[in-house]
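Notes for the one structure printed next.
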Amino acid sequence: MKFNELDKQLQLSSVAEKSDEERLEDIREWLQTRLRPAGLSPDGWVDTSLKYCLSLIEELKEENESLWSMLDELKSSEMESWAKDNHGMLKEYLEEHVKTLRWQNKTKGEV
């Protein structure tokens, strides 16, 4: 009895060290091969639940990737829009600043 408890604890600790993707892959493999840890028998309810969870996780991962992509596009679009909207103002500011610098340089020699 103690061996089975130790075996289960080792399995749980190794699961905790895995990445999310590795855990998902373990679940997929578990469903395909029907091999259970410590020789446990198959459980149809668990299999069905895991299949549902996997499909939901994959759907959410795809949705998440899509949203990040949309955010990146929005960010670059906003930057382009900001540059277009403010191009004239920035150009005008730089021209005025250059004029001021030229005037200061010119008047410096007169003093």
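Heavy-atom basis, side chains included; hydrogens, waters and symmetry copies ignored.
With side-chain heavy atoms closer than 4.5 Å counting as contact, directly or through intermediates, Met89 stands alone and belongs to no larger hydrophobic cluster.
Side-chain atoms of Gln32 do not come within 3.5 Å of backbone N or O of Glu29 as any donor-acceptor pair. In this structure, the side chain of Ser66 does not engage the main chain of Glu62 through any donor-acceptor pair within 3.5 Å.
Between atom CG of residue Leu74 and atom CG of residue Leu67 there is a gap of 11.5 Å, rounded to the nearest 0.5 Å. The line from CG of Leu24 to CD1 of Ile57 is 5.0 Å long, rounded to the nearest 0.5 Å. With rounding to the nearest 0.5 Å, the separation of CG in Asp85 from NE2 in His87 is 12.0 Å.
Residues that satisfy the salt bridge (Lys or Arg N to Asp or Glu O under 4.0 Å) test with Glu25, not counting sequence neighbours, are Arg28. Partners of Lys51 according to the salt bridge (Lys or Arg N to Asp or Glu O under 4.0 Å) rule, which considers only residues two or more places apart in sequence or in another chain, do not exist here. Every side-chain hydrogen bond (donor to acceptor under 3.5 Å, both in side chains) that Glu21 has, sequence neighbours left out, goes to Lys61. Listed by chain and residue number, Tyr52, Leu60 satisfy the side chain to side chain contact (heavy atoms under 4.5 Å, CB included) test with Leu56 (two or more places apart in sequence, or in another chain).
Residue pairs meeting the side-chain hydrogen bond (donor to acceptor under 3.5 Å, both in side chains) criterion with at least one partner in residues 67-76, sequence neighbours excluded, are Asn64-Trp68.
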Donor-acceptor list for residues 93-100 side chains, cut-off 3.5 Å, not counting sequence neighbours:
{"from": "Thr100", "atom 1": "OG1", "to": "Glu96", "atom 2": "O", "distance (Å)": "2.9"}

